[in-house]
Amino acid sequence: MTETTVGKRFLALHRSGEPLLMPNAWDVGSAKLLADLGYSAIATTSSGFAATLGRLDGSVTRDEALDHGGRLAAAVDIPVSADLEGGFADDLDGIAETYRRAAASGLAGGSIEDFTGDRSDPIHPVERAAEQVAAAAEAAHAGGSDFVLTARAENHLYGRNDLADTIARLQRYQEAGADVLYAPGIMAPDDVRALVTSVDRPVNVLVRPGAPTVAELAELGVARISVGGGLAFAALGSLVTAGRELLEQGTYGYWDLAGPGSEAARRAFA
């Protein structure tokens, strides 16, 4: 797929009330497996990818993230959107460079968030955050590129449960050129409805324990659903369970999952 085609194809999958289920892959193998299962698009996960390197979230470099996203995009025939954190730069020129490179890499889209990286002062002032989104959007859309930019308001991940501020931020990010809007941590139906009805762009919801079902989110007008690092850490959880069984019990019940997993891999990787 060409850059333009993949971006248009990706954005067309965002339909309010018919949400795109977009799981987050953490390596080429998981990307191929998810594509083989029938998903229409996938995303990367910063925390899941960092875990494959033996690191915690927030420790991946720009070069590593872009190389990772490009490799996943080249491995599957469905659109791939990258978690690009805050753009991997503090200055606007550096942020723009990240999204120019992302748009040229084969990725269908990518995100930018307003987290500062400093948990003692976690959220950028809205004016600064909107400038960063605008720099990312201008670079991502340059030359007629259809790269899909997702702007994230991180309030609710860092204890700032101010729905009005979150909505106001996403409205500013929409004005700054974002194609999709996202406020991870918002899951209550009334809050999701308020967000969806307050903006004119597709809205992504991150599903975690206690989130409404897919059908319920569809009724609320959500256009995209993602899982963050959920699948990656579910896989690691299975590894921990299997490893403990072998170490502590000396039994092999993990083969109940290993057999179907091997079959799925042979089918997806062929």
Side-chain angles (χ1 to χ4, degrees), residues 1-14 22 24-26 28 31 41-47 49-50 53 57-117 124-154 169-170 172-182 201-202 204 224 226:
M1 293 180 290
T2 66
E3 177 184 318
T4 299
T5 300
V6 73
K8 285 183 177 179
R9 179 181 172 188
F10 182 44
L11 189 58
L13 293 170
H14 294 70
M22 190 178 70
N24 300 70
W26 57 96
V28 168
I42 58 174
T44 68
T45 160
S46 62
S47 61
F49 174 47
L53 303 174
D57 196 13
S59 63
V60 170
T61 68
R62 172 168 63 183
D63 287 347
E64 288 172 331
L66 291 172
D67 177 69
H68 172 65
R71 284 188 286 110
L72 266 61
V76 296
D77 291 327
I78 58 176
V80 177
S81 182
D83 183 341
L84 298 175
E85 303 186 35
F88 300 105
D90 294 324
D91 61 291
L92 297 182
D93 287 342
I95 288 171
E97 176 64 14
T98 297
Y99 293 90
R100 276 193 294 270
R101 290 175 58 184
S105 71
L107 287 162
S111 59
I112 183 168
E113 61 193 43
D114 56 12
F115 176 49
T116 63
H124 284 294
V126 67
E127 293 291 342
R128 175 61 179 174
E131 289 177 348
Q132 293 175 328
V133 173
E138 182 177 1
H141 299 151
S145 168
D146 292 301
F147 186 90
V148 177
L149 181 68
T150 298
R152 298 172 43 144
E154 304 285 287
R169 284 174 171 272
L170 291 179
R172 289 293 302 276
Y173 305 162
Q174 172 181 304
E175 294 169 2
D179 302 297
V180 177
L181 303 172
Y182 182 12
R201 297 290 185 274
N204 181 95
R224 190 173 87 193
S226 59

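Values below: every heavy atom of this structure, side chains too, minus hydrogens, waters and symmetry copies.
A donor-acceptor contact shorter than 3.5 Å links the side chain of Tyr99 to the backbone of Ser111. A donor-acceptor pair under 3.5 Å is absent between the side-chain atoms of Glu138 and the main chain of Ala135, judged by distance alone. Proximity of a side-chain donor or acceptor of Arg201 to a complementary backbone N or O of Ala178 within less than 3.5 Å is detected. Under a 3.5 Å cut-off, the side chain of Ser145 and the backbone N or O of Ala103 do not form any donor-acceptor pair.
Heavy atoms only, all atoms of each residue included: Arg224 and Met22 are closest at NE-CE, 3.2 Å. Nearest heavy atom pair, residue Val28 against residue Ala75, reads CG1-CB, 3.7 Å. Minimum interatomic distance between Thr150 and Tyr182 (heavy atoms only, all atoms of both residues): CG2-CB, 3.8 Å. Nearest heavy atom pair, residue Ala82 against residue Leu107, reads CB-CD1, 3.7 Å. Residues Gly106 and Ala73 come closest through the heavy atom pair O-CB, 3.6 Å. Counting all heavy atoms, side chain and backbone alike, Phe147 lies closest to Gly110 at CZ-N, 3.2 Å.
Between Arg128 and Leu92 there is a side-chain heavy-atom pair separated by less than 4.5 Å. At a threshold of 4.5 Å between non-hydrogen side-chain atoms, the residues Asn24 and Ile42 do not count as touching.
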As a quick check of understanding, evaluate salt bridge (charged side-chain N to carboxylate O under 4.0 Å, His left out) for Asp93 and Arg100, giving each step before the final call.
CA-CA 10 Å; Asp93 287 342; Arg100 276 193 294 270; over 6 Å; no

Using the side chain to side chain contact (heavy atoms under 4.5 Å, CB included) rule, take Phe88 and Thr61 through it: C-alpha gap first, then chi angles, then the decisive distance, then the call.
CA-CA 7 Å; Phe88 300 105; Thr61 68; 5.9 Å; no

Derivation of the side chain to side chain contact (heavy atoms under 4.5 Å, CB included) call for Arg9 and Val6
CA-CA 5 Å; Arg9 179 181 172 188; Val6 73; 5.5 Å; no

Are Glu131 and Glu127 close enough, and set up right, to give a side chain to side chain contact (heavy atoms under 4.5 Å, CB included), and what steps lead you there?
CA-CA 6 Å; Glu131 289 177 348; Glu127 293 291 342; 5.5 Å; no

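Few gaps surround CG on Asp67; more than 12 heavy atoms of other groups in view lie less than 6.0 Å from it.
Between His68 and Phe49, the ring planes are parallel. Angles under 30° get that label, and only those over 60° would be called perpendicular.
In this structure, the separation between OG1 on Thr116 and NE2 on His124 is 5.5 Å, given to the nearest 0.5 Å.
Results of the side-chain contact (heavy atoms from CB on, under 4.5 Å) test with Ile112 over Thr98, Leu84, Asp83, Val133 single out Val133 as the only residue that passes. With Trp26 as reference, Thr45 is the one residue of Thr45, Leu72, Thr44 to meet the side-chain contact (heavy atoms from CB on, under 4.5 Å) rule.
With respect to Arg152 and Asp114, no salt bridge is recorded, no charged nitrogen being found less than 4.0 Å from a carboxylate O. Between Arg62 and Glu85 there is no salt bridge, since none of the side-chain N atoms of the basic residue sits less than 4.0 Å from a carboxylate O of the acidic one.
A donor atom on one side chain and an acceptor atom on the other are found under 3.5 Å apart for His141 and Asp179. Looking only at atom types and distance, the side chain of Ser46 has a donor-acceptor partner in the side chain of Asp57 under 3.5 Å away.
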